[in-house]
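Counting begins at 1 with the first residue of the sequence.
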Amino acid sequence: MTTDVTTDVTTRRAAAPAPRPSAAAKPVRWAADAVSALREGARVRLDYSAQSLWRVDRLIEEIRREGAPYAAVETVLRGLGAYAGEVVVRQTGAEWWTSGGEHWVRTPDGRLWDPVDEARRCFAGDGSLRLLCRDATGAVRR
């Protein structure tokens with residue numbers, strides 16, 4: 001009895017999810033690194049849900065209150081912003097876009113969102129990743 005390996009491999013390839021755009025590579029990695037670091041270092045579990053962004057906003061607020069210099073937390077903020085962007089991507093079918101080293105999320109309605117900059121704004125005391133997600137996902141539902 002012979003098995004047609006070529007058909008089997010072709011079938012499996014067809015069933016695999018489509019690859020994500022290359023613009024997603026860096027922010028997806030940053031988000032995964034932030035999730036891993038928080039799980040290992042602070043015992044905080046993030047599950048890519050909109051509700052988890054309440055915890056992320058609080059974490060950024062705690063870091064700000066501790067008086068950490070921006071340079072010391074820049075990478076963490078980038079990761080948390082990318083995490084929020086991934087929440088939007090997963091909930092709305094949005095895509096990451098990049099230009100000139102900057103990364104944005106483009107929701108299906110065509111709007112661009114900058115969750116990495118929003119994380120920086122949170123650190124400055126004037127932003128919310130939770131609200132950005134609410135606005136981005138709400139705009140798509142309308």
Practice task
Check whether any side-chain heavy atom of Leu59 lies under 4.5 Å from a side-chain heavy atom of Leu38, and answer yes or no.
Solution key: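 Touching, per the 4.5 Å side-chain cut-off.
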Can you name the nearest heavy-atom pair linking [X] to [Y], along with the distance?
X      : Y     : value
Ala31  : Glu86 : CB-CG, 4.1 Å
Asp47  : Ser52 : OD1-CB, 3.5 Å
Cys133 : Leu53 : CB-CD1, 3.3 Å

Exercise for the section: With sequence neighbours left out, write down each residue that passes salt bridge (Lys or Arg N to Asp or Glu O under 4.0 Å) with Glu62, or none if nothing qualifies. Expected result: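 Not a single residue meets the salt bridge (Lys or Arg N to Asp or Glu O under 4.0 Å) criterion with Glu62.
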Practice task
With sequence neighbours left out, write down each residue that passes salt bridge (Lys or Arg N to Asp or Glu O under 4.0 Å) with Arg65, or none if nothing qualifies.
Solution key: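 For Arg65, the residues satisfying salt bridge (Lys or Arg N to Asp or Glu O under 4.0 Å) (neighbours in sequence not counted) are Glu61.
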Exercise for the section: Give a yes or no answer on whether the side chain of Asp57 reaches the backbone of Leu129 with a donor-acceptor pair at less than 3.5 Å. Expected result: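 Yes, the answer is positive, given that a donor and an acceptor are paired below the 3.5 Å cut-off.
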Problem - Under 3.5 Å: donor-acceptor pair, side chain of Gln91, backbone of Thr137 - result: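 Absent.
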Problem - From CA spacing to verdict: side chain to side chain donor-acceptor pair (under 3.5 Å), Trp113, Thr107 - result: CA-CA 8 Å; Trp113 305 86; Thr107 49; 3.2 Å; yes
Handout entry: Cluster overlap Val87 with Val76, hydrophobic side-chain contacts below 4.5 Å
Key =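 Linked, Val87 and Val76 end up in one cluster.
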Exercise for the section: Determine, using the 4.5 Å side-chain heavy-atom cutoff (strictly less than), whether Ile63 and Val44 are members of one ILVMFWY cluster. Expected result: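 Yes; tracing contacts between hydrophobic side chains, which count when under 4.5 Å, links both residues.
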Exercise for the section: List the steps, then state whether side chain to side chain contact (heavy atoms under 4.5 Å, CB included) holds for Glu95 with Val89. Expected result: CA-CA 6 Å; Glu95 292 183 332; Val89 165; over 6 Å; no
Exercise for the section: Just say parallel, tilted or perpendicular for the rings of His103 and Trp96, cut-offs at 30° and 60°. Expected result: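 Rings of His103 and Trp96: perpendicular, over 60°.
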Exercise for the section: Please test Tyr70 against Leu77 for side chain to side chain contact (heavy atoms under 4.5 Å, CB included), starting from the C-alpha separation and ending with a verdict. Expected result: CA-CA 9 Å; Tyr70 176 77; Leu77 294 172; 3.6 Å; yes
Problem - CA sep, side-chain torsions, deciding dist, call: Tyr83, Val56, side chain to side chain contact (heavy atoms under 4.5 Å, CB included) - result: CA-CA 9 Å; Tyr83 171 79; Val56 173; 3.9 Å; yes
Exercise for the section: Please confirm whether Arg90 makes a cation-pi placement over Tyr48, using NZ or CZ under 6.0 Å from the six-membered ring centre and within 45° of the ring normal. Expected result: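 Yes, a cation-pi geometry holds between Arg90 and Tyr48.
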